[in-house]
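Okay, structure first, notes after.
Owing to the predicted nature of the structure, the values given are computational and were not obtained by experimental measurement. Just the heavy atoms: all of them, side chains too, but no hydrogens, waters or symmetry mates, feed the values below. Numbered from 1 within each chain, the chains take letters A, B, ... in sequence-line order.
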Number of protein chains: 2
Amino acid sequence: MERRSKCVKMLAMATRPQRSERRTDALSRERIVEAAIEILDADGEAALTFRALRTRLATGSGAIYWHVANKDELLAATTDDVIARVVTDVSAGAEPREAIRAIASGVFDAIDAHPWVGGQLSREPWQFAVLQVFEALGQQLGALGVPERARFDCASALLNYVLGLAGQYAAGARLIARETDRSAFLASVAERWATLDPAEHPFLHQVTPQLLDHDDRQQFLAGIDLILAGIDAIR
Amino acid sequence: MERRSKCVKMLAMATRPQRSERRTDALSRERIVEAAIEILDADGEAALTFRALRTRLATGSGAIYWHVANKDELLAATTDDVIARVVTDVSAGAEPREAIRAIASGVFDAIDAHPWVGGQLSREPWQFAVLQVFEALGQQLGALGVPERARFDCASALLNYVLGLAGQYAAGARLIARETDRSAFLASVAERWATLDPAEHPFLHQVTPQLLDHDDRQQFLAGIDLILAGIDAIR
DNA sequence: ACCTGAACACCGTTCAAGT
DNA sequence: ACCTGAACACCGTTCAAGT
C-alpha cells in the first residue's frame, strides 16, 4: 500500500526538476486513514491529533479537513478499515457455530492487534463496522436455526458481549502501556483486590488466582460458548 | 444532601456580618462530586469541564485540584457514587437468579437515568464501581451453585455483557441528545439500514421492524436470561 | 491547610488566501 | 478543486501568591 510514498516523492523532487505530472501520492481520504492507523498503532489513541497527522502527511490541517469531516469521522473510518477485513475473512462454508466463534475471534484478534479499535467500537455502536459484525452474527444465527423472532435478541446479546470486552480490553491496553507489561498489570490489580475486606468481597478474593493466570482470548471464547449454550437452550 | 447550600451561604453573608465560624459548606471532595454529577445529568459528558465546575462552585480551578487529583479521578468518583447505591440496594434475601436480574436491572436503570455512567463504566473497567458489580454477580453465581472453577468465566461473561450495553446505551443517549427523540433516532437508524444492499445485509433488513419497536430494557434482560440459560446448561 | 486566578501547553476546527 | 497555515475558541493542569 505504498507506505513510503512520501519519501519516494521527496527523493524524486530532490533529484529531478519538478514536472507537471499528477503526483500519484496526492493527499486522499485513503492516505489520511492509513496514516491515522499508523499513529494509533504506534502511539495509541491520545497520540492521534490533527497536528501529528499534518506533520506525518506534511500538509496543513485544512487539507485534512478537505477530505475528512472531523475527528469522529476519521476514527470511524479507521475502525471500519480494520473491522471490514475481519468480517470478510470469515470463510462462508463453515458450520454456523464455528462461524460465530470465528467472527468473535476475528474481532478479538483485531482489538488485540489494535487496542484503540476496542475503544472506538464501544463508543460508537451504530457505526458501519459494528453493523457488519451484527449482520454477520445474525446471518449465522439464521443458519443455526434460531427462530426469526429470537434472532434480534440473540444477535444483540452476542454483539453487546463482544463490544463489552472490546471496551474493557482497550482500557486495559491503555493502562498496560503505562505499566511494564501485562503480568505486572494483573499483579497490581490483584494487589488492589487484596486490600479489600474479604468479608465484603469474598468472590474477588476467591478468584484472584484465576485472574493472575487466565488467558484473555480463552475467557472471551468461553463467554461466547456460554451464550451459544443459552441460545441452544431456548431453541 | 444540601443541594442549595451555596444559596444559603450567600444569603447568610448578605444579611449578617461575616463571622469566623467554620463554613459548613466549605469546598470538599463530596461537594465537587455532587456538582459534577449535576452538570453531567443536566448537560452531558461534554459539559463537564473544570471551568464549568469552578463557576458552579464559585471557586478557582486550583481549589478543585486540591481535593481531586484530575479529571479521570473525578469521573471515576461520580460513577462510583451512582453505582454504589445500585449494588447495595439489591435485597440480600432474593433467589440468586432473581438477584442477578436485579443487579443487572439496577445497572441498566442507573445508566438510563445517567447515560454518562455508561460511557464511564465501559471506559474504565477496573474502577471500583465495576468491581462492586463483579463481586455482586460472582456471589450470586456461588449461591446459584455454579462450580468454583466456572464462576470467574461466568461472572466475566455477565459483566462484559452489561458493560457492552452500558457503552452502547451511553453512545445512543449522546446521539439522541442531538436528535429530537428516541423514536426519531431509531427511525433514522432504520433509514440508514434501508439504504444497504439487501443481498449483502439480509439480517439487518429482516430485523428492522423489531429495531423500531423494541424495548431496550426488555432486550437487555433477554440477554441476561440467555446467559443464565447457558450457565444452567454447563452446570 | 486551603484557596485564587493568571498562565502554560495543548486541543479540534475554521477560513481567508493561495495555486 | 485542492491546499496552506495563521487564528479562534476552547481544553486540563500547574503554580506562585495569597489567607
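Of the listed nucleotides (D/dC3, D/dA6, C/dG12), D/dC3 has the atom at the smallest distance from the side chain of A/Ala26. Comparing atom distances between the B/Thr49 side chain and each of D/dC11, C/dC3, D/dC8 picks out D/dC11 as nearest.
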CA sep, side-chain torsions, deciding dist, call: A/Leu204, A/Leu211, side-chain contact (heavy atoms from CB on, under 4.5 Å): CA-CA 9 Å; A/Leu204 292 180; A/Leu211 168 74; over 6 Å; no
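A straight line from CG of A/Leu53 to C1' of D/dG5 spans 16 Å, rounded to a whole angstrom. Between the C1' atom of C/dC11 and the NZ atom of B/Lys71 lies a distance of 12 Å, rounded to the nearest Å. If you take CG of A/Asn70 and P of C/dT13, they are 5 Å apart, rounded to a whole angstrom. Separating the CZ atom of B/Phe50 from the C1' atom of D/dC15 is a distance of 15 Å, rounded to the nearest angstrom. For the pair B/Ile64 CD1 and D/dC15 P, the computed distance is 18 Å after rounding to whole Å. In this structure, the CG atom of A/Leu74 is 12 Å from the C1' atom of C/dG12, given to the nearest Å. Going from atom CZ of A/Arg51 over to atom P of C/dC11 covers 6 Å, rounded to whole Å.
Taking 4.0 angstrom as the limit, B/His67 places none of its side-chain polar atoms (N or O) nearer than this to OP1 or OP2 of C/dA1. OP1 or OP2 of C/dC2 sits under 4.0 Å from a side-chain N or O of B/Trp66.
Qualifying salt bridge (charged side-chain N to carboxylate O under 4.0 Å, His left out) partners for A/Asp112, counting only residues two or more places apart in sequence or in other chains: none.
Of all nucleotides present, only C/dG5 satisfies the Watson-Crick or G-U wobble test against D/dC15, with each distance under 3.5 Å.
Among the heavy atoms of the strands lying under 4.0 Å from A/Leu48 are primed sugar atoms or P, OP1, OP2 only; no base atom is included.
Between B/Phe134 and B/Phe152, the ring planes lie perpendicular to each other; the angle is over 60°, past the 30° to 60° tilted range.
Of the P atoms belonging to D/dC2 and C/dA17, the separation is 22 Å, rounded to the nearest Å.
Remark: the A/Arg54 side chain and the D/dG5 base include no donor-acceptor N/O pair separated by less than 3.5 Å.
A distance of 6.0 Å or more separates the ring centres of B/Tyr169 and B/Phe220.
Nearest-nucleotide mapping onto DNA chain C: of B/Gly62 and A/Tyr65, the residue sitting toward the 5' end is B/Gly62.
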